[in-house]
Amino acid sequence: AAMAAIPAVMAAPRSLSATALPPAPAKAISIVARKRGLSQDVFRQHWLGIHGPMARKVPDLLGFILSEAVQDSGAAASMANYKHRCDGIAHIWFQSPQAMRASMASQDARTWIADGNLFIDRQASRNFSVTEQIVVPPPRLEGGLKRTLLLVRKPGTTHEEFLEHWTKKHADLARSVPGLLGCVFNRIDASLGREGSPWAEIDGITETWWDGGASNMGGRVESRQAAAWSADGAAFLDSSRTRAIVSIEHVMIEPTRPS
């Protein structure tokens, strides 16, 4: 039951050093929606100021980064597969799936999750266990702008065909794109706390960091290579049902290597 509601906040923000993430750590991603009737400001105060510091007591967390949705990109999207409002996206790392299960079963984690129930809409939120593919090592800087894509495959394409294209050809093209400061593919392994296929709404989650500057905050840097990468995405992605969410990253617990 604890795993059904991976929390979506952590401790007070701090800067992230150049320490690399551990190879293939266990990772969970939460797409977080606030409760109906709760203002964005009150949500943020609880998320960052109250719920966040409680996470320091949760055992065996290797890292936690919270992405606060901005530019109205988290507004409800009726045409997308995931239609709900997104107020933020949380990323949490553990040494292994076993460590994740043990941590979430602890009393401190249960208390943390119960606090999240006060302001997080659990029905509208989503929690996934994922496997990271670091395509371009990201900067992961406090306050950095990031663009997250909730990917949906084209009709007639199987999830396996999507993965084959996304994690190979599409990843290879990304590595040559100028201005792409970071790129992480998150393969969805399981949907935590929900019945049915884990890919019912989203096939995968891409995180990108661009050197777009003030003229194109969070957007891609135009180039021949970027155009080719985008065209390749159009070959296997359903753009009408895919979502893009721009966010500001808050480094809550600096990711570390497992001991």
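What you see is a predicted model; the values in this text were computed from it and never measured.
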- Restricting to pairs with a member in residues 66-87, which pass ring-ring contact (aromatic ring centres under 6.0 Å, His included), not counting sequence neighbours? Y82-H84
- With side chain to side chain contact (heavy atoms under 4.5 Å, CB included) as the test, would you mind laying out the steps for S125 and I120 before giving the verdict? CA-CA 8 Å; S125 299; I120 295 172; 3.5 Å; yes
Do [Y] and [X] meet the salt-bridge criterion of a basic N to acidic O distance under 4.0 Å?
| X | Y | answer |
| --- | --- | --- |
| R187 | D189 | yes |
| K154 | D238 | no |
| E207 | R140 | yes |
| R34 | D87 | yes |

- Are L163 and L151 joined in one hydrophobic group, where the rule is that I, L, V, M, F, W and Y side chains link up if heavy atoms are under 4.5 Å apart? yes
- Cluster link L48 to F43, ILVMFWY, side chain under 4.5 Å: yes
Between [X] and [Y] (side chain of the first, backbone of the second, donor and acceptor by atom type, cut-off under 3.5 Å), is there such a pair?
| X | Y | answer |
| --- | --- | --- |
| W199 | I188 | yes |
| S106 | A109 | yes |
| R243 | S240 | no |
| S73 | V246 | yes |
| N186 | I205 | yes |
| K57 | M54 | no |
| S129 | A28 | no |
| S230 | A226 | no |
| E249 | E142 | no |
| D211 | G179 | no |

- Item | K146 and S67: side chain donor to acceptor below 3.5 Å | yes
- Query: Does the side chain of S176 come under 3.5 Å of the side chain of W229 through a donor N or O and an acceptor N or O?
  - Reply: no
Taking all non-hydrogen atoms of both residues, which atom of [X] and which atom of [Y] are closest, and how far apart?
| X | Y | value |
| --- | --- | --- |
| D232 | H170 | OD2-ND1, 2.7 Å |
| T208 | C183 | CG2-SG, 4.3 Å |
| R194 | S191 | CB-OG, 3.6 Å |
| P97 | A26 | N-CB, 3.6 Å |
| L180 | A174 | CD2-O, 3.6 Å |
| R122 | I113 | NH2-O, 3.1 Å |

- Task: Take atom CG of D72 as the centre, draw a 6.0 Å sphere, and report whether it contains more than 12 heavy atoms from other residues, nucleotides or ligands.
- Result: no
- Query: Less than 4.5 Å apart, any side-chain heavy atom of R241 and any of M79?
  - Reply: no
- Report yes if the distance between the aromatic ring centroids of F64 and W93 is under 6.0 Å, otherwise no. no
- Would W209 and L145 satisfy side chain to side chain contact (heavy atoms under 4.5 Å, CB included), going step by step from the backbone distance to the final call? CA-CA 7 Å; W209 294 256; L145 277 171; over 6 Å; no
- Note on the structure: The side-chain hydrogen bond (donor to acceptor under 3.5 Å, both in side chains) partners of T167 (sequence neighbours excluded) come to none
- Query: Does the pair E68 and I89 meet the rule for a side chain to side chain contact (heavy atoms under 4.5 Å, CB included), with working shown?
  - Reply: CA-CA 7 Å; E68 175 193 357; I89 302 173; over 6 Å; no
- Item | Residue pair D60, S103: steps toward the side-chain hydrogen bond (donor to acceptor under 3.5 Å, both in side chains) verdict | CA-CA 6 Å; D60 300 323; S103 177; 5.7 Å; no
